[in-house]
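Every value quoted in this text rests on a predicted model; they were computed, and no experiment measured them. Just so you know, ligand 1 is whichever comes first in the structure, and atom 1 is the first atom listed for that ligand.
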Amino acid sequence: MAKRKSGLSLPIQILIGLVIGILVGYFLQSSPEVADKYIKPFGTIFLNLIKLVIVPLVFSSLLVGVVDLEDVTKIGKIGLKTMVYFLVTTAIAILIGLTLGNLLNVGGGFVIPTGDITYEAAQAPSFIDTMVGIIPSNPLNSVVQGQMLQIIVFALILGAGLLAVGEKGRPVFNVFNGLAEAMYAITAGIMRLAPIGVFGLITPVIANNGPGVLLPLSRAIFVVYLGCFLHAAIVYSSTVKFLGKMSLKKFYKAAFAPWAMAFTTSSSSGTLPITLETAEKELGVSKSVASFVLPLGATINMDGTALYQGVGALFIAQVYGIDLTFAQQLTIVLTATLASIGTAGVPGAGMIMLAMVLQGVGLPVEGIALIAGVDRIFDMARTSINVLGDLACAVVVSRSEGELAEEPYVVEEDLQTE
Ligand code: ASP
């Protein structure tokens, strides 16, 4: 457990950082440049520290996870369960988003701003290109460029290779096992800075996007936040409780730290180190399941993003006065599922991939300009749900494998500091 010497647990400290950040941001709205210049750097430094561990952490933990599974059929079994959970929950998320968007008339009441907002539509890659692109031809290049999907594929392949050669592969396994452990320790150290980091990240967001900017889009924001809340309350709560057989109090209490990180950083990849730590140390998910499910989930499982893309497409259609047929809405379910898989776990990526969904149903891609200004506000909600979904999946899969510890694993208390 993360008891601090100061007496306040880390999640409470993070919460305090979050609240103070929101208050300071609120008061700095008239001069957001102050927040950008003097407070944001603390957030950026924190984010860079987190980013520094991502590539080595994902690679080593996934590799170790695969080798720990000990046989290739088990990888297939866990992989299948994980993919089914990911896909089904993602599709449900979009259905929730579309249902709420239709019921609450998400685009209603929006007046198209006459300002000069323009948006350059990025060309979304096709599905086939995405599939071809995930096989790395040069794995070191993938590592250097931080191509997460390619890194994951290489870790899976190398892990399977190490399993195939058995004892001869031990030394290589030991190196990566050591690397993974070191990354966990470094993460624990970085997390001590989280309260300051969270403060530095949230303050400029609030200062730059004060209530005034949010007003015209308040209905869309409300729908996305409500949808995310319902998705967690219905889908994650029921699967964690009935399939994972875990008390919801335990789940949500442990999930607070990753949630706060996701909310403030808007990056599932950036949150991954904390998600991994929480799953193993607080929720009792076995190491092999956690290190398989979570890096994969941080890269491809984006329920919040999919929900947002569904609502976003509906919003743009309504604002432009286009009536979507039932078949078109089904197409949205399909394309948003694929788009969310292709979305990188970094801030703003979901909005870029919204272009793919809009193109799929022939909606004007320029419509993205309407929401681009406040995308960060959407991003905070969808990233939180993305991360929560990964954790819920890890609990469910771990339980189904009979590998969920009733009591959280006992951990050697982090580095003794003075
Ligand atoms: N920021 C999201 C994430 O990292 C992706 C998105 O933009 O939807 O999970």
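- Neither side chain, K40 nor T203, offers a donor N or O lying under 3.5 Å from an acceptor on the other.
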> Going through the distances and angles, do F251 and Y236 end up as a ring-ring contact (aromatic ring centres under 6.0 Å, His included)?
Replying inline: CA-CA 10 Å; F251 178 75; Y236 299 152; 7.7 Å; no

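- Checking side-chain atoms of Q329 against main-chain N and O of F326 turns up no donor-acceptor pair under 3.5 Å.
- Atoms of ligand 1 found under 4.0 Å from any heavy atom of G348, numbered from 1 in the order shown, are 7 (O).
- Residue R382 places at least one N or O, backbone or side chain, under 3.5 Å from an N or O of ligand 1.
- Listed by number with element, the atoms of ligand 1 under 4.0 Å from a non-hydrogen atom of A349 are 7 (O).
- Those atoms of ligand 1 that come under 4.0 Å of a heavy atom in G345, given as number and element, are 3 (C), 4 (O).
- Close approach of ligand 1 to D379 is summarised as follows: ligand atoms under 4.0 Å from at least one heavy atom of the residue are 1 (N), 2 (C), 6 (C), 7 (O), 8 (O).
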> Does the salt bridge (Lys or Arg N to Asp or Glu O under 4.0 Å) test come out yes or no for R382 and D379, once each step is laid out?
Replying inline: CA-CA 5 Å; R382 59 187 196 244; D379 208 354; 3.3 Å; yes

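- Listed by atom number, the atoms of ligand 1 under 4.0 Å from T305 heavy atoms are 5 (C), 6 (C), 8 (O).
- A donor-acceptor pair under 3.5 Å links the side-chain atoms of N386 to the main chain of D303, judged by distance alone.
- Taking every heavy atom of S268 and a limit of under 4.0 angstrom, the matching atoms of ligand 1 come to 3 (C), 4 (O), 9 (O).
- The single protein non-hydrogen atom nearest to atom 2 (C) of ligand 1 is T383 OG1, 3.3 Å, given as residue, atom name and distance.
- A donor-acceptor contact closer than 3.5 angstrom links the side chains of T239 and Y85.
- Considering backbone and side-chain atoms together, T343 places no N or O closer than 3.5 Å to any N or O of ligand 1.
- Looking at T343, its side chain never comes within 3.5 Å of a backbone N or O of M353 through a donor-acceptor pair.
- Residue M351 has no nitrogen or oxygen atom sitting less than 3.5 Å from a nitrogen or oxygen atom of ligand 1, judged on distance alone.
- Which parts of ligand 1 touch M302 is read off a 4.0 Å heavy-atom cut-off, strictly below it: atoms 9 (O).
- Where the criterion is an N or O separation shorter than 3.5 Å, residue side chain and backbone included, V346 meets it with respect to ligand 1.
- Of the protein's heavy atoms, G350 N, 2.7 Å lies nearest to atom 7 (O) of ligand 1.
- With rounding to the nearest 0.5 Å, the separation of CG in L80 from CD1 in I75 is 13.5 Å.
- With hydrogens and angles disregarded, a donor-acceptor distance shorter than 3.5 Å links the side chain of S247 to the backbone of K250.
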